[in-house]
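Residue numbers start from 1 in every chain, and the chains themselves are labelled A, B, ... in the order their sequence lines are given, proteins ahead of strands.
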Protein chains: 2
Amino acid sequence: MQGGQDAAAIFVERWNEAASFSQTGNCPVRNVLDKIGDKWSMLIVMYLAAGPKRFNQLHREIPDISQKMLTQTLRDLQRDGLVARQVFDTKPPSVEYRLTALGHSLIVPFGQLIAWANESIDSIHAARKSFDQAALA
Amino acid sequence: MQGGQDAAAIFVERWNEAASFSQTGNCPVRNVLDKIGDKWSMLIVMYLAAGPKRFNQLHREIPDISQKMLTQTLRDLQRDGLVARQVFDTKPPSVEYRLTALGHSLIVPFGQLIAWANESIDSIHAARKSFDQAALA
DNA sequence: CGGCATCCCATTCGATACTG
DNA sequence: CAGTATCGAATGGGATGCCG
């Protein structure tokens, strides 16, 4: 619990610190959380965790993603230094994406969160069920 | 890296599993990630990590949150069993919110993520800067 | 193959006003 | 004090079509 309190304090502090100059939208925490909550960012990172992949390879493997969002999300990840883009001068040209060292380092803490999600999902569903039933009263 | 690969595999597996019955929107990972990415959910959790707080106390302490979003986010957190709501029958009535055991347990893995964000934000900003400059060419 | 540009709809969220 | 209700602007993201 001690570590939790520290994390909470840091989180709140950083957030409020950002609120003072929020015009710039420069909150370090929000910057990262926006990617986490993004519909596709983390899914792509997790697919790339297994190794480098080509653009259309990702497009085929990831269910339901549109070409637009795949392109856009890859650009954002590249811009943040989480993903590296390499063009091969073949014909037709091929482009390979891979995680950078920074991208790989994100998998560790993010994996903790996924583990928590899988452990807690039953409790969450149970809580929702009882909450919704209580609301019917 | 081994742990990272495992996490990635679990993540992708769970996601694809959900895609098959995606009509119901029942992906365990998305359920949690939506809360993480939510603009206010995690901020509220972090404020409550320090101890129970009343509604207006949260409203005053959290910068820029509207009454609507505070209410709505607290309801969602309560529904998922992360936050408990207790009404005191005083006059005027007061309502206290506190983290449940489940809510507290989220702070640990989420704290890891915040720590990563704070460690990596400089690298991210640097990557953005060089990316944007390269784009000007 | 690997994109980019455009249109358009759904959801999110802030502002404001009202209630027990 | 602790909400609820309604409106409207901004945003996210899918569908489609074109290009080097």
Side-chain angles (χ1 to χ4, degrees), chain A residues 15 19 22-23 25 27 30-31 33-44 47-48 52-79 83-98 131 134-135 137, chain B residues 15 19 22-23 25 27 30-31 33-44 47-48 52-79 83-98 131 134-135 137:
Chain A
W15 193 287
S22 66
Q23 319 299 355
C27 176
R30 256 268 66 88
N31 271 314
L33 258 54
D34 281 347
K35 285 219 169 324
I36 302 296
D38 186 76
K39 189 171 179 182
W40 302 112
S41 289
M42 285 305 111
L43 185 59
I44 291 177
Y47 267 92
L48 288 179
K53 289 184 194 294
R54 304 247 313 264
F55 183 87
N56 275 345
Q57 194 178 355
L58 282 170
H59 197 8
R60 279 190 303 271
E61 292 182 9
I62 300 181
D64 296 332
I65 195 171
S66 66
Q67 199 176 37
K68 171 186 173 181
M69 289 317 294
L70 181 55
T71 301
Q72 192 178 106
T73 308
L74 282 170
R75 277 295 165 282
D76 285 348
L77 290 171
Q78 187 193 353
R79 190 172 106 96
V83 161
R85 178 177 186 269
Q86 187 175 6
V87 181
F88 293 94
D89 219 5
T90 57
K91 49 167 184 166
S94 69
V95 180
E96 193 178 83
Y97 293 91
R98 72 181 69 225
F131 182 91
Chain B
W15 192 288
S22 66
Q23 318 299 355
C27 176
R30 256 269 64 90
N31 271 313
L33 259 53
D34 281 346
K35 287 221 167 321
I36 303 296
D38 187 75
K39 190 170 178 183
W40 302 111
S41 290
M42 286 305 110
L43 185 60
I44 292 178
Y47 267 92
L48 288 178
K53 289 182 194 296
R54 304 248 311 265
F55 183 88
N56 274 345
Q57 194 179 354
L58 282 169
H59 197 8
R60 278 190 304 271
E61 292 183 9
I62 300 181
D64 295 333
I65 195 171
S66 67
Q67 200 176 32
K68 171 185 172 181
M69 291 315 295
L70 181 56
T71 301
Q72 191 177 107
T73 308
L74 283 169
R75 280 291 167 286
D76 286 348
L77 291 171
Q78 187 194 352
R79 189 172 107 97
V83 160
R85 178 179 185 268
Q86 187 175 8
V87 182
F88 293 95
D89 218 6
T90 57
K91 50 172 181 163
S94 70
V95 179
E96 194 179 81
Y97 292 91
R98 74 181 67 226
F131 182 92

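OP1 or OP2 of C:dG3 lies within a sub-4.0 Å distance of a side-chain N or O belonging to A:Tyr97.
With sequence neighbours left out, the side chain to side chain contact (heavy atoms under 4.5 Å, CB included) criterion links A:Glu61 to A:Tyr47, A:Lys53, A:Gln57.
In summary, contact between chain A and DNA chain D, defined as any nucleotide atom under 4.0 Å from a heavy atom of the protein, begins and ends at D:dG13 to D:dA15 in the 5' to 3' direction.
Listed by residue number, the members of residues 85-96 of chain B with any heavy atom below 4.0 angstrom from DNA chain D are B:Arg85, B:Pro92, B:Pro93, B:Ser94, B:Val95.
Rounded to 10 degrees, the angle separating the terminal axes of the helix from C:dC1-D:dG20 to C:dG20-D:dC1 is 40°, with each axis obtained from five end pairs.
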Residues 89-98 of chain B, side-chain donor-acceptor partners within the protein, below 3.5 Å, at least two apart:
{"residue": "B:Thr90", "atom": "OG1", "partner": "B:Pro92", "partner atom": "O", "Å": "2.9"}
{"residue": "B:Glu96", "atom": "OE1", "partner": "B:Arg98", "partner atom": "NH2", "Å": "2.6"}
{"residue": "B:Tyr97", "atom": "OH", "partner": "B:Arg85", "partner atom": "NE", "Å": "3.3"}

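In this structure the side chain of A:Ile65 never reaches within 4.5 angstrom of the side chain of A:Leu58, judged on heavy atoms. In this structure, the side chains of A:Arg30 and A:Leu33 come closer than 4.5 Å at one or more pairs of heavy atoms. At least one side-chain heavy atom of A:Leu77 sits under 4.5 Å from a side-chain heavy atom of A:Lys35. Contact of the B:Gln78 side chain with the B:Arg75 side chain is registered, since non-hydrogen atoms from C-beta on lie closer than 4.5 Å.
The CG atom of B:Asp64 lies 10.0 Å from the CH2 atom of A:Trp15; values are rounded to the nearest 0.5 Å. In this structure, B:Gln72 CD and B:Ser41 OG are separated by 9.5 Å, a value rounded to the nearest 0.5 Å. Expressed to the nearest 0.5 Å, how far CG of B:Leu74 lies from NE2 of B:His59 amounts to 11.0 Å. A distance of 4.5 Å separates CD1 in A:Ile44 from OG1 in A:Thr73, rounded to the nearest 0.5 Å. Rounding to the nearest 0.5 Å places CD1 of B:Ile36 at 12.5 Å from CG of A:Asp34. The structure places CG of A:Leu43 at 10.5 Å from CG of A:Asp38, a figure rounded to the nearest 0.5 Å.
Rounded to whole Å, the distance from CZ on A:Arg54 to P on C:dC1 is 8 Å. Atom C1' of nucleotide C:dT11 and atom CZ of B:Arg30 are separated by 14 Å, given to the nearest angstrom.
Nearest approach of B:Phe55 to B:Leu70, heavy atoms of both residues: O-CD2, 3.7 Å.
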Please write out the pairs of protein N or O atoms and N or O atoms of nucleotides 13-16 of chain C separated by less than 3.5 Å, giving the distance to one decimal.
{"residue": "C:dG14", "atom": "OP1", "partner": "B:Lys39", "partner atom": "NZ", "Å": "2.9"}
{"residue": "C:dG14", "atom": "O6", "partner": "B:Lys68", "partner atom": "NZ", "Å": "2.3"}

